[in-house]
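Here is the structure we will look at, set down as C-alpha coordinates.
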There are 2 protein chains.
Amino acid sequence: MTTTLTEENYLKAIYHLSQKQDSGISTNAIAQKIEAKASSVTDMLKKLADKKLISYIKYKGVSLTEKGRLAAVDIIRKHRLWEVFLVDNLNFSWDEVHDVAEQLEHIKSSKLVNELEAFLGFPTHDPHGDPIPDKDGQIQRTNKIVLSQTTLNKRYKCVGVLDSSSEFLKYLDKHNIGIGTEILVLDREEFDQSLTIQIQEKTMVMSKAITSNIYVKQL
Amino acid sequence: MTTTLTEENYLKAIYHLSQKQDSGISTNAIAQKIEAKASSVTDMLKKLADKKLISYIKYKGVSLTEKGRLAAVDIIRKHRLWEVFLVDNLNFSWDEVHDVAEQLEHIKSSKLVNELEAFLGFPTHDPHGDPIPDKDGQIQRTNKIVLSQTTLNKRYKCVGVLDSSSEFLKYLDKHNIGIGTEILVLDREEFDQSLTIQIQEKTMVMSKAITSNIYVKQL
DNA sequence: TTTTATTTTTAGATTTATCTAAATATTTTT
DNA sequence: AAAAATATTTAGATAAATCTAAAAATAAAA
Ligand SMILES: [Mn+2]
Ligand SMILES: [Mn+2]
Ligand SMILES: [Mn+2]
Ligand SMILES: [Mn+2]
(Lines give C-alpha, C1' and ligand atoms only; values in the text may rest on other atoms or scores of the structure.)
(Ligands and ions follow the chains in the order given, each with its own letter.)
Protein backbone atom coordinates (compact mmCIF):
# COMPACT_ATOMS: atom_id res chain seq x y z
CA MET A 1 0.00 0.00 0.00
CA THR A 2 2.80 2.43 -0.70
CA THR A 3 2.30 5.48 -2.92
CA THR A 4 4.83 6.59 -5.51
CA LEU A 5 6.01 10.17 -5.79
CA THR A 6 3.93 10.57 -8.92
CA GLU A 7 0.79 9.18 -7.32
CA GLU A 8 1.29 11.54 -4.42
CA ASN A 9 1.46 14.51 -6.77
CA TYR A 10 -1.78 13.46 -8.45
CA LEU A 11 -3.51 13.06 -5.08
CA LYS A 12 -2.34 16.50 -4.04
CA ALA A 13 -3.53 18.04 -7.31
CA ILE A 14 -6.95 16.40 -6.98
CA TYR A 15 -7.17 17.54 -3.37
CA HIS A 16 -6.43 21.15 -4.25
CA LEU A 17 -8.91 21.10 -7.12
CA SER A 18 -11.52 19.67 -4.73
CA GLN A 19 -11.24 22.79 -2.59
CA LYS A 20 -12.87 24.84 -5.34
CA GLN A 21 -15.26 22.24 -6.64
CA ASP A 22 -16.38 19.37 -4.50
CA SER A 23 -16.60 16.38 -6.84
CA GLY A 24 -16.38 15.46 -10.50
CA ILE A 25 -12.85 16.83 -10.84
CA SER A 26 -12.16 16.66 -14.57
CA THR A 27 -9.34 14.94 -16.35
CA ASN A 28 -8.41 18.18 -18.08
CA ALA A 29 -8.28 20.16 -14.85
CA ILE A 30 -5.89 17.62 -13.39
CA ALA A 31 -3.85 17.57 -16.59
CA GLN A 32 -3.45 21.33 -16.42
CA LYS A 33 -2.39 21.31 -12.77
CA ILE A 34 0.05 18.40 -13.17
CA GLU A 35 1.31 19.78 -16.49
CA ALA A 36 0.72 16.49 -18.30
CA LYS A 37 -1.47 15.40 -21.17
CA ALA A 38 -5.04 14.26 -20.52
CA SER A 39 -4.23 10.75 -21.73
CA SER A 40 -1.52 10.42 -19.11
CA VAL A 41 -3.98 11.53 -16.47
CA THR A 42 -6.54 8.92 -17.54
CA ASP A 43 -3.92 6.21 -17.08
CA MET A 44 -3.06 7.43 -13.61
CA LEU A 45 -6.71 7.77 -12.61
CA LYS A 46 -7.22 4.08 -13.33
CA LYS A 47 -4.24 3.28 -11.16
CA LEU A 48 -5.44 5.46 -8.27
CA ALA A 49 -8.94 3.99 -8.55
CA ASP A 50 -7.46 0.46 -8.38
CA LYS A 51 -5.76 1.49 -5.15
CA LYS A 52 -9.08 2.85 -3.81
CA LEU A 53 -7.60 6.31 -3.43
CA ILE A 54 -10.17 7.94 -5.72
CA SER A 55 -13.68 7.27 -7.01
CA TYR A 56 -13.53 7.33 -10.76
CA ILE A 57 -16.41 7.07 -13.21
CA LYS A 58 -15.36 7.16 -16.85
CA TYR A 59 -16.10 10.52 -18.48
CA LYS A 60 -17.57 11.81 -15.20
CA GLY A 61 -14.45 12.92 -13.35
CA VAL A 62 -13.09 11.87 -9.97
CA SER A 63 -13.22 12.56 -6.25
CA LEU A 64 -10.94 11.46 -3.43
CA THR A 65 -12.00 8.59 -1.19
CA GLU A 66 -11.43 9.07 2.54
CA LYS A 67 -8.28 7.03 2.15
CA GLY A 68 -7.16 9.26 -0.68
CA ARG A 69 -8.02 12.43 1.19
CA LEU A 70 -5.94 11.31 4.16
CA ALA A 71 -3.02 10.50 1.89
CA ALA A 72 -3.28 13.90 0.22
CA VAL A 73 -3.56 15.77 3.49
CA ASP A 74 -0.52 13.95 4.84
CA ILE A 75 1.58 15.23 1.93
CA ILE A 76 0.23 18.74 2.45
CA ARG A 77 1.00 18.49 6.17
CA LYS A 78 4.61 17.60 5.37
CA HIS A 79 4.86 20.30 2.71
CA ARG A 80 3.71 23.02 5.08
CA LEU A 81 5.78 21.87 8.04
CA TRP A 82 8.90 21.87 5.88
CA GLU A 83 8.05 25.37 4.65
CA VAL A 84 7.90 26.55 8.26
CA PHE A 85 11.26 24.93 8.95
CA LEU A 86 12.88 26.58 5.94
CA VAL A 87 11.62 30.05 6.88
CA ASP A 88 12.03 29.82 10.66
CA ASN A 89 15.37 28.05 10.79
CA LEU A 90 17.15 28.17 7.45
CA ASN A 91 16.77 31.81 6.41
CA PHE A 92 14.53 31.11 3.44
CA SER A 93 12.04 33.79 2.48
CA TRP A 94 8.42 32.86 1.83
CA ASP A 95 8.90 33.06 -1.93
CA GLU A 96 11.80 30.56 -1.90
CA VAL A 97 10.34 27.67 0.05
CA HIS A 98 7.80 26.11 -2.26
CA ASP A 99 10.08 24.28 -4.72
CA VAL A 100 12.17 22.72 -1.97
CA ALA A 101 9.06 21.75 -0.02
CA GLU A 102 7.73 20.06 -3.16
CA GLN A 103 10.69 17.69 -2.84
CA LEU A 104 10.72 17.34 0.95
CA GLU A 105 7.00 16.51 1.13
CA HIS A 106 7.71 13.08 -0.36
CA ILE A 107 10.18 11.94 2.32
CA LYS A 108 8.67 8.92 4.04
CA SER A 109 9.11 8.71 7.81
CA SER A 110 6.36 9.32 10.30
CA LYS A 111 8.90 9.86 13.05
CA LEU A 112 10.52 12.56 10.96
CA VAL A 113 7.34 14.55 10.38
CA ASN A 114 6.10 14.24 13.94
CA GLU A 115 9.45 15.20 15.46
CA LEU A 116 9.76 18.06 12.99
CA GLU A 117 6.35 19.31 14.06
CA ALA A 118 7.43 19.22 17.73
CA PHE A 119 10.76 20.87 16.94
CA LEU A 120 8.89 23.72 15.22
CA GLY A 121 6.61 24.12 18.24
CA PHE A 122 3.45 22.71 16.65
CA PRO A 123 2.87 25.55 14.21
CA THR A 124 -0.73 25.98 13.04
CA HIS A 125 0.00 27.76 9.77
CA ASP A 126 2.71 27.77 7.11
CA PRO A 127 4.58 30.89 5.93
CA HIS A 128 1.78 31.67 3.45
CA GLY A 129 -0.93 31.52 6.09
CA ASP A 130 -2.19 28.09 5.06
CA PRO A 131 -3.30 25.80 7.89
CA ILE A 132 -1.18 22.77 8.79
CA PRO A 133 -3.20 19.55 9.06
CA ASP A 134 -2.65 17.61 12.29
CA LYS A 135 -1.44 14.02 12.66
CA ASP A 136 -5.00 12.74 12.11
CA GLY A 137 -5.62 14.78 8.98
CA GLN A 138 -7.78 17.41 10.67
CA ILE A 139 -7.51 20.93 9.30
CA GLN A 140 -8.26 24.04 11.32
CA ARG A 141 -10.18 26.29 8.95
CA THR A 142 -10.63 29.99 9.71
CA ASN A 143 -13.19 32.28 8.10
CA LYS A 144 -10.94 34.54 6.10
CA ILE A 145 -12.06 36.62 3.11
CA VAL A 146 -10.19 38.12 0.19
CA LEU A 147 -9.24 41.79 0.36
CA SER A 148 -11.36 42.54 -2.71
CA GLN A 149 -14.51 41.63 -0.77
CA THR A 150 -13.96 43.88 2.22
CA THR A 151 -16.12 46.83 3.27
CA LEU A 152 -14.86 50.40 3.23
CA ASN A 153 -13.38 52.18 6.24
CA LYS A 154 -12.77 48.99 8.20
CA ARG A 155 -9.47 47.62 9.43
CA TYR A 156 -8.21 44.17 8.45
CA LYS A 157 -5.20 41.98 9.06
CA CYS A 158 -3.51 39.98 6.30
CA VAL A 159 -3.74 36.28 7.22
CA GLY A 160 -2.69 34.58 4.01
CA VAL A 161 -2.40 34.56 0.25
CA LEU A 162 -4.39 32.75 -2.41
CA ASP A 163 -1.65 32.97 -5.04
CA SER A 164 1.60 31.87 -3.44
CA SER A 165 3.72 32.14 -6.57
CA SER A 166 7.16 33.60 -6.11
CA GLU A 167 6.24 36.56 -8.35
CA PHE A 168 3.21 37.56 -6.30
CA LEU A 169 5.03 37.12 -2.99
CA LYS A 170 7.87 39.34 -4.20
CA TYR A 171 5.31 42.00 -5.14
CA LEU A 172 3.93 41.84 -1.60
CA ASP A 173 7.42 42.07 -0.11
CA LYS A 174 8.13 45.15 -2.20
CA HIS A 175 5.09 46.86 -0.71
CA ASN A 176 5.75 45.64 2.83
CA ILE A 177 2.74 43.35 2.99
CA GLY A 178 3.07 40.09 4.86
CA ILE A 179 1.18 37.83 7.24
CA GLY A 180 -0.01 40.04 10.11
CA THR A 181 0.13 43.34 8.21
CA GLU A 182 -2.73 45.70 9.12
CA ILE A 183 -4.71 47.16 6.23
CA LEU A 184 -7.29 49.95 6.29
CA VAL A 185 -9.61 49.93 3.28
CA LEU A 186 -10.31 53.51 2.18
CA ASP A 187 -11.98 53.41 -1.22
CA ARG A 188 -13.15 51.18 -4.01
CA GLU A 189 -13.16 52.36 -7.65
CA GLU A 190 -16.31 50.97 -9.20
CA PHE A 191 -14.96 50.90 -12.76
CA ASP A 192 -12.15 48.34 -12.20
CA GLN A 193 -12.74 47.35 -8.56
CA SER A 194 -9.33 48.69 -7.58
CA LEU A 195 -8.90 49.48 -3.88
CA THR A 196 -7.28 52.39 -2.12
CA ILE A 197 -5.79 51.02 1.09
CA GLN A 198 -3.62 52.34 3.87
CA ILE A 199 -0.71 50.42 5.39
CA GLN A 200 1.22 52.08 8.21
CA GLU A 201 0.37 55.69 7.31
CA LYS A 202 1.06 54.99 3.64
CA THR A 203 -1.74 55.08 1.09
CA MET A 204 -1.70 52.99 -2.07
CA VAL A 205 -3.94 51.73 -4.87
CA MET A 206 -4.19 48.03 -5.70
CA SER A 207 -5.82 46.37 -8.69
CA LYS A 208 -8.36 43.62 -8.24
CA ALA A 209 -5.80 41.15 -9.61
CA ILE A 210 -3.86 41.82 -6.41
CA THR A 211 -6.62 42.27 -3.85
CA SER A 212 -8.40 39.09 -4.85
CA ASN A 213 -5.28 37.13 -3.90
CA ILE A 214 -4.79 38.47 -0.38
CA TYR A 215 -6.66 36.84 2.50
CA VAL A 216 -7.66 39.08 5.40
CA LYS A 217 -9.64 38.98 8.62
CA GLN A 218 -11.48 41.94 10.08
CA LEU A 219 -9.92 43.39 13.24
CA MET B 1 23.59 17.85 -16.53
CA THR B 2 21.23 16.73 -13.80
CA THR B 3 21.62 13.37 -12.06
CA THR B 4 18.70 11.09 -11.30
CA LEU B 5 18.18 9.54 -7.89
CA THR B 6 19.31 6.19 -9.27
CA GLU B 7 22.46 7.62 -10.82
CA GLU B 8 23.26 9.27 -7.51
CA ASN B 9 22.97 5.97 -5.70
CA TYR B 10 25.33 4.32 -8.16
CA LEU B 11 27.86 7.15 -7.77
CA LYS B 12 27.70 6.83 -4.01
CA ALA B 13 28.17 3.06 -4.19
CA ILE B 14 31.16 3.41 -6.49
CA TYR B 15 32.62 6.08 -4.23
CA HIS B 16 32.35 3.90 -1.14
CA LEU B 17 33.84 0.91 -2.93
CA SER B 18 36.71 3.16 -4.08
CA GLN B 19 37.64 3.79 -0.45
CA LYS B 20 38.77 0.17 -0.09
CA GLN B 21 40.16 -0.34 -3.56
CA ASP B 22 41.31 2.56 -5.66
CA SER B 23 40.28 1.72 -9.22
CA GLY B 24 38.82 -1.09 -11.31
CA ILE B 25 35.67 -1.30 -9.21
CA SER B 26 33.92 -4.41 -10.52
CA THR B 27 30.43 -4.72 -11.89
CA ASN B 28 29.67 -7.46 -9.38
CA ALA B 29 30.84 -5.41 -6.41
CA ILE B 30 28.54 -2.58 -7.44
CA ALA B 31 25.69 -5.01 -8.07
CA GLN B 32 26.05 -6.40 -4.56
CA LYS B 33 26.12 -2.95 -2.94
CA ILE B 34 23.18 -1.62 -4.97
CA GLU B 35 21.28 -4.90 -4.61
CA ALA B 36 20.70 -5.20 -8.36
CA LYS B 37 21.71 -7.69 -11.00
CA ALA B 38 25.06 -7.32 -12.79
CA SER B 39 23.30 -6.75 -16.11
CA SER B 40 21.46 -3.75 -14.68
CA VAL B 41 24.75 -2.38 -13.43
CA THR B 42 26.37 -2.69 -16.85
CA ASP B 43 23.54 -0.63 -18.35
CA MET B 44 23.95 2.09 -15.77
CA LEU B 45 27.74 2.14 -16.14
CA LYS B 46 27.33 2.97 -19.81
CA LYS B 47 25.01 5.80 -18.88
CA LEU B 48 27.35 7.19 -16.23
CA ALA B 49 30.30 6.92 -18.63
CA ASP B 50 28.32 8.83 -21.28
CA LYS B 51 27.84 11.59 -18.70
CA LYS B 52 31.59 11.56 -17.94
CA LEU B 53 30.93 10.70 -14.31
CA ILE B 54 33.00 7.50 -14.45
CA SER B 55 35.81 6.00 -16.50
CA TYR B 56 34.62 2.67 -17.79
CA ILE B 57 36.58 0.08 -19.72
CA LYS B 58 34.56 -2.97 -20.67
CA TYR B 59 35.39 -5.97 -18.48
CA LYS B 60 37.95 -3.90 -16.56
CA GLY B 61 35.77 -2.14 -14.04
CA VAL B 62 35.24 1.54 -13.35
CA SER B 63 36.57 4.51 -11.43
CA LEU B 64 35.03 7.90 -10.71
CA THR B 65 36.14 10.90 -12.74
CA GLU B 66 36.77 14.11 -10.79
CA LYS B 67 33.31 15.23 -11.85
CA GLY B 68 31.86 11.96 -10.58
CA ARG B 69 33.81 12.14 -7.33
CA LEU B 70 32.48 15.64 -6.64
CA ALA B 71 28.93 14.50 -7.38
CA ALA B 72 29.32 11.52 -5.03
CA VAL B 73 30.87 13.59 -2.26
CA ASP B 74 28.05 16.11 -2.51
CA ILE B 75 25.48 13.38 -1.85
CA ILE B 76 27.54 12.11 1.08
CA ARG B 77 27.83 15.66 2.42
CA LYS B 78 24.05 15.99 2.36
CA HIS B 79 23.56 12.53 3.86
CA ARG B 80 25.81 13.27 6.82
CA LEU B 81 24.49 16.77 7.46
CA TRP B 82 20.94 15.43 7.56
CA GLU B 83 22.04 12.70 9.98
CA VAL B 84 23.43 15.38 12.29
CA PHE B 85 20.16 17.30 12.06
CA LEU B 86 18.09 14.23 12.88
CA VAL B 87 20.18 13.37 15.94
CA ASP B 88 20.83 16.90 17.23
CA ASN B 89 17.39 18.38 16.67
CA LEU B 90 14.79 15.69 16.06
CA ASN B 91 15.54 13.17 18.81
CA PHE B 92 16.65 10.41 16.46
CA SER B 93 19.23 7.96 17.79
CA TRP B 94 22.28 7.11 15.70
CA ASP B 95 20.81 3.78 14.66
CA GLU B 96 17.63 5.38 13.26
CA VAL B 97 19.01 8.07 10.98
CA HIS B 98 20.45 6.21 8.04
CA ASP B 99 17.27 5.23 6.18
CA VAL B 100 15.80 8.71 6.38
CA ALA B 101 19.11 10.28 5.34
CA GLU B 102 19.13 7.97 2.32
CA GLN B 103 16.01 9.81 1.18
CA LEU B 104 17.00 13.32 2.25
CA GLU B 105 20.40 13.14 0.54
CA HIS B 106 18.66 13.40 -2.85
CA ILE B 107 16.91 16.72 -2.18
CA LYS B 108 18.24 19.25 -4.67
CA SER B 109 18.86 22.76 -3.35
CA SER B 110 22.29 24.20 -2.69
CA LYS B 111 20.76 26.89 -0.49
CA LEU B 112 19.15 24.17 1.60
CA VAL B 113 22.35 22.23 2.26
CA ASN B 114 24.46 25.30 2.93
CA GLU B 115 21.93 26.85 5.27
CA LEU B 116 21.45 23.52 7.00
CA GLU B 117 25.20 23.30 7.55
CA ALA B 118 25.22 26.79 9.09
CA PHE B 119 22.15 26.01 11.22
CA LEU B 120 23.94 22.94 12.59
CA GLY B 121 27.03 25.01 13.41
CA PHE B 122 29.30 23.63 10.68
CA PRO B 123 29.67 20.14 12.14
CA THR B 124 32.80 18.26 11.08
CA HIS B 125 31.50 14.74 11.68
CA ASP B 126 28.22 12.88 11.49
CA PRO B 127 26.69 10.86 14.36
CA HIS B 128 28.77 7.81 13.35
CA GLY B 129 32.04 9.72 13.41
CA ASP B 130 32.28 10.02 9.63
CA PRO B 131 33.72 13.29 8.31
CA ILE B 132 31.42 15.76 6.55
CA PRO B 133 32.81 16.97 3.21
CA ASP B 134 32.87 20.76 2.84
CA LYS B 135 31.18 22.84 0.13
CA ASP B 136 34.13 22.24 -2.22
CA GLY B 137 34.19 18.48 -1.73
CA GLN B 138 37.19 18.46 0.60
CA ILE B 139 37.19 15.80 3.31
CA GLN B 140 39.04 16.14 6.60
CA ARG B 141 40.59 12.74 7.17
CA THR B 142 41.91 11.78 10.63
CA ASN B 143 44.27 8.90 11.37
CA LYS B 144 42.02 6.60 13.27
CA ILE B 145 42.60 2.86 13.77
CA VAL B 146 40.28 -0.01 14.57
CA LEU B 147 40.11 -1.20 18.16
CA SER B 148 41.38 -4.65 17.13
CA GLN B 149 44.72 -3.15 16.14
CA THR B 150 45.46 -1.31 19.38
CA THR B 151 48.34 -2.01 21.77
CA LEU B 152 47.79 -3.31 25.30
CA ASN B 153 47.57 -1.09 28.36
CA LYS B 154 46.97 2.09 26.41
CA ARG B 155 43.95 4.39 26.54
CA TYR B 156 41.85 5.17 23.48
CA LYS B 157 38.81 7.19 22.58
CA CYS B 158 36.06 5.90 20.29
CA VAL B 159 35.87 8.22 17.26
CA GLY B 160 33.66 6.28 14.88
CA VAL B 161 32.31 2.99 13.60
CA LEU B 162 33.11 1.01 10.47
CA ASP B 163 29.84 -0.91 10.47
CA SER B 164 27.02 1.57 11.00
CA SER B 165 24.19 -0.91 10.70
CA SER B 166 21.36 -0.48 13.14
CA GLU B 167 22.13 -3.88 14.71
CA PHE B 168 25.74 -3.04 15.46
CA LEU B 169 24.88 0.41 16.79
CA LYS B 170 22.28 -1.05 19.12
CA TYR B 171 24.89 -3.48 20.43
CA LEU B 172 27.17 -0.53 21.19
CA ASP B 173 24.34 1.37 22.90
CA LYS B 174 23.66 -1.65 25.10
CA HIS B 175 27.26 -1.60 26.30
CA ASN B 176 27.40 2.16 26.68
CA ILE B 177 29.85 2.71 23.87
CA GLY B 178 29.48 5.80 21.72
CA ILE B 179 31.52 8.50 20.04
CA GLY B 180 33.86 9.89 22.70
CA THR B 181 33.78 6.87 24.99
CA GLU B 182 37.17 6.16 26.61
CA ILE B 183 38.48 2.62 26.32
CA LEU B 184 41.44 1.03 28.11
CA VAL B 185 42.77 -2.09 26.37
CA LEU B 186 43.79 -4.67 28.97
CA ASP B 187 44.38 -7.97 27.21
CA ARG B 188 44.28 -9.74 23.88
CA GLU B 189 43.47 -13.48 23.64
CA GLU B 190 45.77 -14.86 20.96
CA PHE B 191 43.46 -17.74 20.00
CA ASP B 192 40.50 -15.66 18.73
CA GLN B 193 41.91 -12.14 18.95
CA SER B 194 39.22 -11.16 21.45
CA LEU B 195 40.02 -8.13 23.60
CA THR B 196 39.51 -7.46 27.27
CA ILE B 197 38.75 -3.78 27.62
CA GLN B 198 37.74 -1.44 30.40
CA ILE B 199 35.08 1.25 30.05
CA GLN B 200 34.36 3.45 33.09
CA GLU B 201 35.60 0.97 35.74
CA LYS B 202 33.78 -1.88 34.00
CA THR B 203 35.70 -4.69 32.36
CA MET B 204 34.38 -6.65 29.39
CA VAL B 205 35.46 -9.01 26.63
CA MET B 206 34.79 -8.26 22.97
CA SER B 207 35.18 -10.53 19.96
CA LYS B 208 37.20 -9.45 16.96
CA ALA B 209 33.93 -9.16 14.97
CA ILE B 210 33.14 -6.24 17.27
CA THR B 211 36.54 -4.67 17.82
CA SER B 212 37.35 -4.55 14.13
CA ASN B 213 34.31 -2.30 13.59
CA ILE B 214 35.11 0.35 16.18
CA TYR B 215 37.38 3.24 15.25
CA VAL B 216 39.55 4.70 18.01
CA LYS B 217 42.30 7.22 18.53
CA GLN B 218 45.00 6.94 21.17
CA LEU B 219 44.69 9.46 24.01
C1' DT C 1 48.21 -24.69 -22.19
C1' DT C 2 43.83 -26.48 -22.44
C1' DT C 3 39.75 -26.92 -19.77
C1' DT C 4 36.66 -25.19 -16.40
C1' DA C 5 34.69 -21.69 -13.65
C1' DT C 6 33.56 -17.00 -12.94
C1' DT C 7 32.57 -12.48 -14.43
C1' DT C 8 30.71 -9.39 -17.55
C1' DT C 9 28.12 -8.03 -21.37
C1' DT C 10 24.32 -8.43 -24.74
C1' DA C 11 19.61 -9.52 -26.23
C1' DG C 12 15.10 -9.33 -25.34
C1' DA C 13 11.14 -8.51 -21.81
C1' DT C 14 8.78 -5.96 -18.14
C1' DT C 15 7.07 -1.98 -15.36
C1' DT C 16 6.13 2.90 -14.67
C1' DA C 17 5.10 7.16 -16.39
C1' DT C 18 4.88 9.64 -20.13
C1' DC C 19 3.65 11.01 -25.09
C1' DT C 20 0.96 11.47 -29.99
C1' DA C 21 -2.71 10.29 -32.78
C1' DA C 22 -7.05 8.28 -33.37
C1' DA C 23 -11.50 6.86 -31.60
C1' DT C 24 -15.37 7.60 -28.68
C1' DA C 25 -18.32 10.10 -25.51
C1' DT C 26 -20.30 14.30 -23.84
C1' DT C 27 -21.63 19.03 -24.21
C1' DT C 28 -22.85 23.04 -26.72
C1' DT C 29 -24.60 25.38 -30.56
C1' DT C 30 -27.43 25.87 -34.31
C1' DA D 1 -32.72 16.91 -32.96
C1' DA D 2 -28.82 17.10 -35.77
C1' DA D 3 -24.25 19.16 -36.32
C1' DA D 4 -20.20 21.03 -34.41
C1' DA D 5 -17.08 21.60 -30.73
C1' DT D 6 -14.96 19.93 -26.71
C1' DA D 7 -13.52 16.46 -23.45
C1' DT D 8 -12.08 11.94 -22.50
C1' DT D 9 -10.46 7.52 -23.40
C1' DT D 10 -7.93 3.99 -26.09
C1' DA D 11 -4.13 2.31 -28.93
C1' DG D 12 0.37 2.18 -29.77
C1' DA D 13 5.26 4.24 -28.84
C1' DT D 14 9.05 5.87 -26.03
C1' DA D 15 12.46 6.42 -22.16
C1' DA D 16 14.25 4.90 -17.65
C1' DA D 17 15.38 1.27 -14.76
C1' DT D 18 15.02 -3.15 -13.95
C1' DC D 19 14.96 -8.32 -14.86
C1' DT D 20 16.16 -13.36 -17.03
C1' DA D 21 18.63 -16.06 -20.12
C1' DA D 22 22.22 -16.57 -23.32
C1' DA D 23 26.69 -15.21 -25.26
C1' DA D 24 31.31 -13.58 -24.76
C1' DA D 25 35.41 -12.42 -22.18
C1' DT D 26 38.47 -13.08 -18.39
C1' DA D 27 40.45 -15.62 -14.59
C1' DA D 28 41.47 -19.92 -12.26
C1' DA D 29 42.42 -24.77 -12.21
C1' DA D 30 43.98 -28.87 -14.01
MN1 LIG E 1 4.05 25.51 -1.02
MN1 LIG F 1 2.67 27.21 1.63
MN1 LIG G 1 24.22 6.86 6.92
MN1 LIG H 1 26.59 8.25 8.97
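The chains referred to below are lettered A, B, ... by the order of the sequence lines, with proteins before strands, and numbering in each begins at 1.
With DNA chain C read from its 5' end, the first of the two nearest nucleotides for A/D43 and B/I25 is the one closest to B/I25. Comparing A/E7 and B/V41, the nucleotide of DNA chain C nearest to each residue sits closer to the 5' end for B/V41.
If you check every strand for non-hydrogen atoms under 4.0 Å, B/A36 touches sugar and phosphate atoms only.
Look at CD on A/E35: it is 10 Å from P on C/dC19, rounded to the nearest Å. Distance A/Q32 CD to D/dA7 C1': 13 Å, rounded to the nearest Å. For the pair A/L45 CG and D/dA7 C1', the interatomic distance rounds to 13 Å; values are reported in whole Å.
For A/H98 and A/H79, the ring centers are positioned less than 6.0 Å apart. Aromatic pair A/Y10/A/Y15: centroids not less than 6.0 angstrom apart.
Under the side chain to side chain contact (heavy atoms under 4.5 Å, CB included) criterion, A/D134 pairs with A/D136, A/Q138, sequence neighbours left out. Every side chain to side chain contact (heavy atoms under 4.5 Å, CB included) that B/K58 has, sequence neighbours left out, goes to B/Y56.
Side-chain contact annotation: A/T151 with A/Y156, donor-acceptor N/O pair under 3.5 Å present.
Residues B/H106 and A/Q103 come closest through the heavy atom pair O-OE1, 4.2 Å.
Contacts between residues 48-61 of chain B and DNA chain C, counted as heavy-atom distances below 4.0 Å, involve B/Y56, B/K58, B/Y59.
A close approach under 4.0 Å does occur between a side-chain nitrogen or oxygen of A/N28 and OP1 or OP2 of D/dT8. Distances shorter than 4.0 Å separate some side-chain N or O of B/T42 from OP1 or OP2 on C/dT9. The side chain of A/S39 places no N or O atom within less than 4.0 Å of a non-bridging phosphate oxygen (OP1 or OP2) of D/dT9. Proximity of A/T27 to the phosphate of D/dT9: a side-chain N or O atom is located under 4.0 Å from OP1 or OP2. Phosphate proximity of D/dT20 to B/K37: present, with a side-chain N or O under 4.0 Å from OP1 or OP2. Between A/K46 and the phosphate of D/dT9, there is no side-chain N or O to OP1/OP2 separation shorter than 4.0 Å.
Sparse packing is recorded around NZ of A/K208, with 12 or fewer heavy atoms of other residues, nucleotides or ligands lying under 6.0 Å away.
Side-chain atoms of B/M44 lie closest to D/dT18 of the nucleotides C/dT18, D/dC19, D/dT18.
Of all nucleotides present, only C/dT30 satisfies the Watson-Crick or G-U wobble test against D/dA1, with each distance under 3.5 Å.
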